[in-house]
Participant: 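Before we start, here is the structure in question, set down as structure tokens.
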2 protein chains.
Amino acid sequence: MSKTVTKLDRDEVVFVARELVLREGPAALSMRRLATELDVGTPTIYWHVGSRDELVAAVVDAQAERLAERPIEGRTARDRVLSAALHIYAGAVEERAITSLAHQTGTSGRLLARLEAALVGELEAAGLRGAALGDAVRSILVVVTGSLVLTLRDYASRPDDRDHALWSGCDLDALTTDTLRAVVHRHVPPNKRSRS
Amino acid sequence: MSKTVTKLDRDEVVFVARELVLREGPAALSMRRLATELDVGTPTIYWHVGSRDELVAAVVDAQAERLAERPIEGRTARDRVLSAALHIYAGAVEERAITSLAHQTGTSGRLLARLEAALVGELEAAGLRGAALGDAVRSILVVVTGSLVLTLRDYASRPDDRDHALWSGCDLDALTTDTLRAVVHRHVPPNKRSRS
DNA sequence: ACCTGAACACCGTTCAAGT
DNA sequence: ACCTGAACACCGTTCAAGT
């Protein structure tokens, strides 16, 4: 009897850390706070994750994983690339607490890693190689990253939810789609592509 | 005789803070550290700048001011807009410690404020108004911001200067110019413009 | 007006010690 | 292998008190 005391997992530490950030913002993610949340001594967290930097990296990686789960849509290469990029953008805006955490810690790269991989896949399938591929990938990442930073500016570590509904239909969203479409148009050949 | 003890200035506090960041990276900017640097008690800094957030804002604003000093070149609207944008990009990469500080604290907006103003000026002179102007400005800021984040990724709070010379001729620099040119081309009419 | 010492409530991290 | 209490060296911020 009494409450079930499951042995603590590295995955659970990361999961609870993620939830803490989503619930109370990036600033709430301290080792001590997380320890209290897990009902555990602070050094226990170090045993499981090594350091705060590693913890943050793990949380961001987990988010990247989740963002990459959304299925890429469209039949032409251009549509699919655009779809992949917009998935990451939209997801990062929705869970902006974690996106902010990534920006603050300089780990935005990790957040985009899976998108980068997906883009390379789609673009190679579309026939791009070498420098052309690299330029296309980087251009798209530039637009996604820049849009994210501008969309989330002023949002720093406090979970103030005014205008929560406004974000979906905001100007910058439309402009992002537009700019993204232009960049994709510029770098990706228009050939149709059927999945074999 | 004895060393001249000038009365402390708000401007001097900000200046020394700026130098500290440039010399030892964003992480070195703590109120206590800065106080030691100024040979002063910690509360003195609070008397002059109010809080750490205000201090950071002031440092970033000072940097924005410096970036805006570089003269805009070119005779056509497109050239001048491109020139303004590249000035900010180049300057932000050169003094990347402060750029990182701005990103970490979510104040990248302040860093771009003067560029934004300059862009609005140039674009209005080129005949843009209303939504077209807003879209043009935001698209350009998106590319500048995105390029900055990608260029500076991995650089987090430590001033490790390997490849210091490589940055100037790096791939992303060329790509940034290229992408920027495309965005400008897309949003700014090609009309020539003479300064009256 | 300008500056201080001392304190409060936090941090990340380590380490000897427990089971 | 997994977890702890206690400590070290830091933070931002405040406040009564000094000149």
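First the proteins, then the strands, lettered A, B, ... as listed; each starts at 1.
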Participant: dC3(C), OP1 or OP2 - any side-chain N/O from H48(B) closer than 4.0 Å?
Facilitator: yes
Participant: With rounding to the closest Å, how many angstrom separate the C1' atoms on dA9(D) and dA9(C)?
Facilitator: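 Pairwise C1' distance, dA9(D) against dA9(C), rounds to 16 Å.
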Participant: Rounded to whole angstroms, how far apart are CH2 on W47(B) and C1' on dC2(C)?
Facilitator: 6 Å
Participant: How many whole angstroms separate atom CD of E54(B) from atom C1' of dT13(D)?
Facilitator: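 That distance rounds to 13 Å.
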Participant: Find the distance M31(B):CE to dC15(D):P and express it as a whole number of Å.
Facilitator: 15 Å
Participant: Do the side-chain N and O atoms of T151(A) and Y89(A) include a donor-acceptor pair separated by under 3.5 angstrom?
Facilitator: yes
Participant: Atom CD1 of I45(A) to atom P of dC2(D): distance rounded to whole Å?
Facilitator: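 Roughly 16 Å, once rounded to whole Å.
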Participant: Using atom C1' in both nucleotides, what's the gap between dC8(C) and dC11(D) to the nearest angstrom?
Facilitator: 12 Å
Participant: Does a side-chain N or O of S51(B) approach OP1 or OP2 of dG12(D) to a distance below 4.0 Å, or not?
Facilitator: no
Participant: Distance check needed: dT13(D) P versus D53(B) CG, whole Å only.
Facilitator: 7 Å
Participant: Could you let me know what dA7(C) is paired to, Watson-Crick or G-U wobble, both distances under 3.5 Å, or none if it's on its own?
Facilitator: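 With both distances under 3.5 Å, dA7(C) matches dT13(D).
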Participant: Can you check the R52(B) CZ to dC11(C) P distance for me, whole Å?
Facilitator: 16 Å
Participant: Can you name the closest pair of heavy atoms from A68(A) and R114(A) and give their distance?
Facilitator: CB-CB, 3.6 Å
Participant: Do any side-chain nitrogens or oxygens of S30(B) fall under 4.0 Å of OP1 or OP2 in dC11(D)?
Facilitator: yes
Participant: One thing to verify: whether E94(A) and R70(A) come together as a salt bridge, which I'm taking to mean a side-chain N less than 4.0 angstrom from a carboxylate O.
Facilitator: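 Yes, charged N to carboxylate O under 4.0 Å.
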Participant: Could you measure between the two P atoms, the one in dC2(D) and the one in dA17(C), and give it in whole Å?
Facilitator: 22 Å
Participant: Which of these nucleotides, dC3(C), dC15(C), dT13(D), is closest to any side-chain atom of Y46(B)?
Facilitator: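 Between dC3(C), dC15(C), dT13(D), the one nearest the side chain of Y46(B) would be dT13(D).
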Participant: For R32(B) and dT4(C), give me the distance from atom CZ to atom C1', rounded to whole Å.
Facilitator: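 Taking atom C1' of dT4(C) as the reference, CZ of R32(B) is at 14 Å.
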Participant: Counting N and O atoms only, with roles assigned by atom type, does the side chain of R129(A) sit under 3.5 Å from a partner on the main chain of E124(A), one being a donor and the other an acceptor?
Facilitator: yes
Participant: Using a strict cut-off of less than 4.0 Å between a Lys/Arg side-chain nitrogen and an Asp/Glu carboxylate oxygen, indicate whether R18(A) and D61(A) qualify as a salt bridge.
Facilitator: no
Participant: Please report the distance, rounded to the nearest Å, between CZ in R33(B) and C1' in dT13(D).
Facilitator: 20 Å
